[in-house]
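Fair warning: this is a prediction, and the values are worked out from it, not measured in the lab. Just so it is clear, the values below take in all heavy atoms, side chains as well, and ignore hydrogens, waters and symmetry mates. Protein chains get the first letters and strands the later ones, always in sequence-line order, with residue 1 at the start of each.
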There are 2 protein chains.
Amino acid sequence: MNVTGHTRRPASIRDVATAAGVSYQTVSRVINDHPSVKQSTRERVLAAIDELGFRRNASALALASGRSRAVTVLTANTTHYGYASILQGIEEAARAASYAVGIGVLESADEAAVAAEVERAADAGGGLIVIAYDPAGVRALGAVPAELPVVGVVETPAGPPGGDRPWVWTDDREAGYEATRHLLSLGHETVHHVAIPSSTRRTSARTAGWQQALREAGAPEPRPVQGRWGPAGGHAAGLGLAADPAVTAILCGNDDLAVGVLRALHECGRSVPGDVSIAGFDDAPHSAYLTPSLTTVRLDFTGLGRAAFALLHGVVEESAQIAPHPVSVPALVVRESSGPPPVRP
Amino acid sequence: MNVTGHTRRPASIRDVATAAGVSYQTVSRVINDHPSVKQSTRERVLAAIDELGFRRNASALALASGRSRAVTVLTANTTHYGYASILQGIEEAARAASYAVGIGVLESADEAAVAAEVERAADAGGGLIVIAYDPAGVRALGAVPAELPVVGVVETPAGPPGGDRPWVWTDDREAGYEATRHLLSLGHETVHHVAIPSSTRRTSARTAGWQQALREAGAPEPRPVQGRWGPAGGHAAGLGLAADPAVTAILCGNDDLAVGVLRALHECGRSVPGDVSIAGFDDAPHSAYLTPSLTTVRLDFTGLGRAAFALLHGVVEESAQIAPHPVSVPALVVRESSGPPPVRP
DNA sequence: GCGCCTTGTGTGACCGGTCACATTCATGCC
DNA sequence: GGCATGAATGTGACCGGTCACACAAGGCGC
């Protein structure tokens, strides 16, 4: 609450200049740490800056200098663990490079809605990072005008999504493969699968890895159950699988789904891992503390976010280029929820 | 990929103007939907805009018009359910008002670090929303220069945090009170408490509500166990409580902590709710699907975020003012994890 | 004692928009 | 027919910075 009551407009460098008895250019030199300013002058200007509460106008800076030092993240979700962690990684790296971080949520995968959101993000200026793990994200990545600097966080590097845009990725296919191999190695005849909503109309990379492992092992390939996001989706899908006594192992598209599946099995009186083994993806913070604790595949989302920013930074600043490769190998974490199948009667 | 190879600077309204054979002001009128532009002219300009891929420069717009239509959210965390949900609510409301949303993470509560982050956020222009649920956030709210438009999302409206800034809040104290009353009403002699890290040096509002309920009921007041964030913190705290046979009811500062406490009790062979009852806060998505499902207090974080933005919007645009009151009443959700205490031998 | 470089400072144009005002032309009214 | 009115468009200044360049004063070599 200032005493004057009405909000006066903030001080500009010219205000500071007159207050300090110098030209605006000298003020500009001071705030930019230009060497050739006399010490006494510098102090006078700094005093004026402090007194007037001068704050450099970001818009004017961006307009005049051309560089915006901003990145906007487009994502379909901000609350799911994986998405939130990627965002966190991006923010970390951006902060270190003193970039501003903006977010835009793709609430619907609808063509027009996505286009509008991309437009908004583009208007914000600066670079773009699009999390293209789902249809909305993939569509958004495709809708980004060609002249804008953009990096995609994608599920699979090959294939149409992303076009010729730079991208980063985690090896979700490998993760799915590893997890499935683990379950098969315990003696399960096959592994059922509750899939996350996929980025393409076909199947997610995780699902593809699962399929590959089954095929290599010569195991039967049950049809994957399409889950919605979140524990509720897992629960719904799990109720169906729990009713089938032939199901002894379930690979869940992420840990959230796994929570729902665990609950569904519990409700149907099937024990984990006694009757059914469960594995998830992501190693969310609570997964280790569930009962039973969850076997899962850990993916370095935060590192992925950092890599995405680093890549964008390289593109925008046209300096060091970073090779777009998987930033980390997925790590299988075996816990209580997976074990050998029940002995056949 | 444009054929020229080198990135040419984006088209401005003057480029569009010459291409369409009109003045730059006419272009400005077209992009602002000014009524008095001849239909044929408008079409000509729109065609030129389309052809040149013109995009209105956000910085120039903000600089010239004064209005920035941006809000920066300062928060200590983006992944915890409550924080993430508030952010989601803010984004939703901001998107509806076509505001850009920026985020700044307060990684440390250290005075200098917080000040630097506030500075960065202020530089970004536009309004600020500070989530002041923790020491870093409270400190940040206090460090915001007086002349900047800011709204705090606070734990308790009274008291020093926030100063005379506008704020929104959820009635965490009431939530703590309700949950404790519920547990007492089941017949527990008293309720133990694992607290979330508090916003002040004293106790969180949730803890205060718990205390009040115990006092009113004349129940003994055990010292609250200070937990860190997340399931790991809950687990550590839970191991201590699980060892004490006198403990029959535990109120956890949030659902994440509750997951850890549940696990700790399980490891110590104490059943829930048979031996010990558990309640949490927040009603996180997975809480309903845990085994046992978690009794908790639901708080409308998304609505809180929307309200925070609405308030800021009112402050910035100096139009409709919204009364800063609790946006929703906390709702107790009773599930499997709470029940009567075990019968004394 | 003159030119020359260095240090310190100021001036004008510019970034890409908006705003206030001026101008042109067609129309309606008396 | 003269004039006010309104629609359609253009001109100049301005927002708050940066950049390129000009310029004054002092130190140094010759």
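- The nearest whole Å value for the distance from the CG atom in A:Asp123 to the C1' atom in C:dG17 is 13 Å.
- For A:Arg29 against C:dG8, a side-chain-to-base donor-acceptor contact under 3.5 Å is absent.
- Rounded to 10 degrees, the angle between the two end axes of the helix from C:dG1-D:dC30 to C:dC30-D:dG1 is 50°, with five pairs used at each end.
- The two atoms that bring A:Ala124 and A:Thr72 nearest to each other are CB-OG1, 3.9 Å, heavy atoms only.
- By the 6.0 Å and 45° rule, B:Arg14 stacks over the aromatic ring of B:Tyr24.
- As rounded to whole Å, 18 Å separates atom P of D:dC14 from atom CG of A:Asn57.
- Rounded to an integer number of Å, the gap from CZ of B:Arg56 to C1' of C:dT18 is 10 Å.
- Nearest heavy-atom pair, A:Tyr99 versus A:Val71, reported as atom, atom and distance to 0.1 Å: CD2-N, 4.4 Å.
- Among C:dG17, D:dC19, C:dT18, the nucleotide with an atom closest to any side-chain atom of A:Arg67 is D:dC19.
- Within residues 35-51 of chain B, no residue has a heavy atom under 4.0 Å from DNA chain C.
- Counting only N and O atoms by type, the side chains of A:Tyr83 and A:Asp134 include a donor and acceptor under 3.5 Å apart.
- Of all heavy-atom pairs spanning A:Arg44 and A:Val22, the tightest one is NH1-CG1, 4.1 Å.
- The listed nucleotides are C:dT11, C:dG10, D:dG16; the one nearest the side chain of A:Tyr24 is C:dT11.
- Using a 4.0 Å heavy-atom criterion, one finds that B:Leu61 contacts the sugar-phosphate atoms exclusively.
- Put simply, A:Ser23 has no side-chain N or O that comes within less than 4.0 Å of OP1 or OP2 on C:dT9.
- For D:dC19, neither phosphate oxygen OP1 nor OP2 lies less than 4.0 angstrom from any side-chain nitrogen or oxygen of A:Ser65.
- Mapping A:Arg14 and A:Val22 onto DNA chain C by nearest heavy atom places A:Val22 at the nucleotide closer to the 5' end.
- Taking both residues in full, the closest heavy atoms of B:Ile103 and A:Glu91 are given as CD1-CG, 4.0 Å, listed atom of the first, atom of the second, then distance.
- When the C1' atom of C:dC15 is taken as reference, atom CZ of B:Phe54 falls 13 Å away, rounded to whole Å.
- Residue B:Ile13 is classed as a base contact, given a heavy-atom separation below 4.0 Å to a base.
- For the pair A:Ser98 (side chain) and A:Arg95 (backbone), a donor-acceptor distance under 3.5 Å is absent.
- For the residue pair A:Ile49 and A:Ile31, the shortest heavy atom distance occurs at CD1-CG2, 3.6 Å.
- Between B:Asn32 and the phosphate of C:dT18, there is a side-chain N or O to OP1/OP2 separation shorter than 4.0 Å.
- Expressed to the nearest 0.5 Å, how far CD of A:Glu92 lies from OG1 of B:Thr78 amounts to 9.0 Å.
- Rounded to whole Å, atom P of D:dC14 lies 14 Å from atom CG of B:Leu63.
- Applying the 4.0 Å criterion to OP1 and OP2 of C:dG17, one finds that B:Ser59 has every side-chain N and O outside that range.
- When rounded to the nearest whole Å, the span between CD of A:Gln25 and P of C:dA13 equals 15 Å.
- Between B:Ala140 and B:Leu106, the shortest heavy-atom distance links the atoms CB-CD1, 3.8 Å.
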